[in-house]
Q: 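Please read through the structure below; I'll follow up with questions.
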Amino acid sequence: MAIMHDLRTLKNAAWLGWQMEANWTDPFLFATYSIVKPISATLILVFMYMVVTGGQTNSAFFSYMYVGNALYMYVAEVLFGVTWVIHDDREHYMTLKQVYIAPIKFPAYILGRSAIKIAITSAGVFVTLLFGVIVLGVGIDIGAVDWPLFAASMLLGMSCICVLGLALGGVTFLTAKHSIGINEGVAGVFYVLSGVIFPITALPGWAQSISKVLPITYWMDSMRRALMPETMSEMNSLSGLDVTGLGTFDNLFIMAFLALSAAIFFMISLGVFRYADNVARKQGKIDWTTAY
Amino acid sequence: MTDGWLVKNLRAIRGRAYPRVIGAGREPSWIFFEIVLPLFTVAAYAYIYKFMDARAELIGYVVLGGAMTAFWLNVLWNMASQFYWEKEIGNLQLYMIAPISRMSVLAGMALGGMFSTTLHAASTLLIGTLLFNITYQLVDPIMLILIFTTTLVALYGMGMMFASMYLLFGREAHHLSNLLTDPVYLVSGFYFPVNSLGTWAAAGASLIPVTLGLDAMRQLFFSDVSGDGFLPLNIELLILAGLSILFLVLAKYSLSYMEYLGKTTGRLTLRWQ
């Protein structure tokens with residue numbers, strides 16, 4: 001009964017999120033807005049790569065970088081989406097307190113709003129990958145995709161990102177509206193430490209140790225292994241070195257670690273959210289306005 | 001005795017800057033979110049150049065570009081879209097009935113946010129330089145000051161012009177600001193030399209002041225040994241000066257026109273549309 005109630009909250013929050021994201025304009029303009037940003041972010045990397053290599057996009061590293069950057073949109077958009085939900089509901093529409101006193105679980109509401117972000121981001125990721133394969137020769141061969149690994153990795157990865165979003169949502173209760181700084185910032189931590197656009201072996205030793213406990217690192221690797229197994233084998237056999245830093249682990253280990261780290265981060269995130277929620281109520285920050 | 005026009009507007013600038021300065025002091029979490037965390041994105045771009053064994057200046061370009069993102073984000077989110085935000089929370093009509101220029105309000109926003117923005121930019125530059133061991137070869141500091149100042153005037157003039165358009169926007173304001181972030185990083189060459197886009201694309205992108213400002217600053221900081229510069233410095237300065245005047249004049253007329261349009265269509269105080 002309680003589960004059905006939470007699922008209903010999740011569904012209605014997702015519907016609300018969709019209306020807020022999309023009904024301000026016509027579908028064509030909305031699609032344009034949704035696609036131009038991720039394509040541009042990816043093209044920044046493509047141009048950086050071309051400046052150095054002179055335009056050779058048929059290397060394993062280019063595919064590694066391109067696919068990582070495309071998948072990273074999930075991390076950036078969902079994390080930003082959650083913080084924006086808090087600020088938007090609290091300071092813009094000023095409805096957070098009403099949502100709070102409604103007989104629903106607030107985390108279910110947040111996760112519902114995040115779910116729609118995932119759906120919209122999926123369209124951006126798909127278009128970006130399609131553009132990469134068709135125009136730039138990114139090494140994804142549909143026939144060679146490991147679909148079971150892809151499905152399992154996607155499910156675990158999305159759960160993990162949503163859980164991280166929940167913790168960030170808690171932190172957002174306690175902070176003022178900081179323009180886009182949170183978006184640029186928090187997601188940036190994973191961008192540099194999780195082997196998104198370059199292998200973690202490029203980082204100093206101490207940073208690699210942090211990378212190896214972050215679930216996003218394993219999610220990125222498992223998704224790449226699922227989408228382009230041959231390219232990943234090529235990456236890991238370059239010069240006989242473990243270029244990616246995870247080349248010695250098999251798929252099962254990567255998935256097991258992803259599941260374990262997702263479970264640990266779930267506990268931590270729930271703790272952070274509850275603590276922040278408690279502090280926010282004590283300090284009267286649930287209906288705070290900071291638009292200075 | 002009533003105050004003159006200048007005094008009133010100077011007061012308006014001070015008045016609008018005040019809450020931003022005070023707010024920054026009262027709620028210091030911005031230091032972490034806007035200074036510490038953005039360094040990670042800059043570091044990611046620097047590491048990818050390092051991983052590819054790119055020439056050293058490119059890492060310097062990333063750090064300089066990363067520092068300049070602070071100003072672009074400030075213009076976009078804390079200035080252009082601020083009028084939309086003020087409308088949504090009900091402050092805009094108060095600005096409209098006050099006997100002051102709308103540009104004074106926007107100038108106050110810019111000045112009030114300048115402290116945190118400059119700190120963001122300076123810390124990115126300083127920490128990025130130390131972290132990636134970047135060497136600068138600055139030969140003309142006077143020119144650097146002129147370029148930097150002119151770039152900021154043109155950039156904030158552009159922000160004022162955008163603010164007028166945001167007056168009429170509903171929820172698309174947020175989406176437009178989001179849309180203008182990464183595409184502008186791309187076309188303005190924040191993380192690579194802008195002439196890599198090709199001459200015509202770079203020329204088009206030069207309408208965004210930060211494109212030429214960044215290109216000129218890179219030429220000054222790195223002596224343009226690799227020939228990455230798009231145009232000669234004097235020409236870039238001249239264009240930036242022209243853009244400054246153009247955007248400030250356009251902002252003035254655009255603000256008046258959009259305010260009139262907003263009043264006649266009844267959208268100036270319309271909230272949550």
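In what follows, chains are A, B, ... by sequence order, proteins preceding strands, each numbered from 1.
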Q: Can you tell me how far OH of B:Tyr185 sits from CG of A:Leu43, rounded to the nearest 0.5 angstrom?
A: 16.0 Å
Q: List the atom of A:Met48, the atom of B:Met52, and the distance in Å for their closest heavy-atom pair.
A: O-CE, 4.2 Å
Q: Taking ring-ring contact (aromatic ring centres under 6.0 Å, His included) as the criterion, tell me which of B:Phe192, B:Tyr191, B:Tyr61 meets it with A:Phe47.
A: B:Phe192
Q: So for A:Val46, is it side chain, backbone, both, or neither that comes closer than 4.5 Å to the heavy atoms of chain B?
A: neither
Q: Measure the spacing between OH of A:Tyr64 and CZ of B:Phe51 and express it to the nearest 0.5 Å.
A: 7.5 Å
Q: Mind checking the OG1-CG spacing from A:Thr32 to B:Leu179? Nearest 0.5 Å is all I need.
A: 9.0 Å
Q: Would you compute the distance between atom CD1 of A:Ile197 and atom CD1 of B:Ile48 and round it to the nearest 0.5 angstrom?
A: 4.0 Å
Q: Where is the tightest heavy-atom contact between A:Tyr191 and B:Ala44, given as atom of each residue plus distance?
A: CD2-CB, 3.4 Å
Q: Could you have a look at A:Phe198, A:Phe30, A:Tyr49 and say which one has the most heavy-atom pairs with chain B under 4.5 angstrom?
A: A:Phe198
Q: At a heavy-atom separation under 4.5 Å, does B:Val184 approach chain A through its side chain, its backbone, both, or neither?
A: neither
Q: Can you measure from CG (B:Asp53) to OG1 (A:Thr53) and round to the nearest 0.5 angstrom?
A: 12.5 Å
Q: OG1 of B:Thr41 to CZ of A:Phe190: how many Å apart, nearest 0.5 Å?
A: 12.5 Å
Q: Is the number of heavy atoms from other residues, nucleotides or ligands under 6.0 Å of B:Arg55 CZ greater than 12?
A: yes
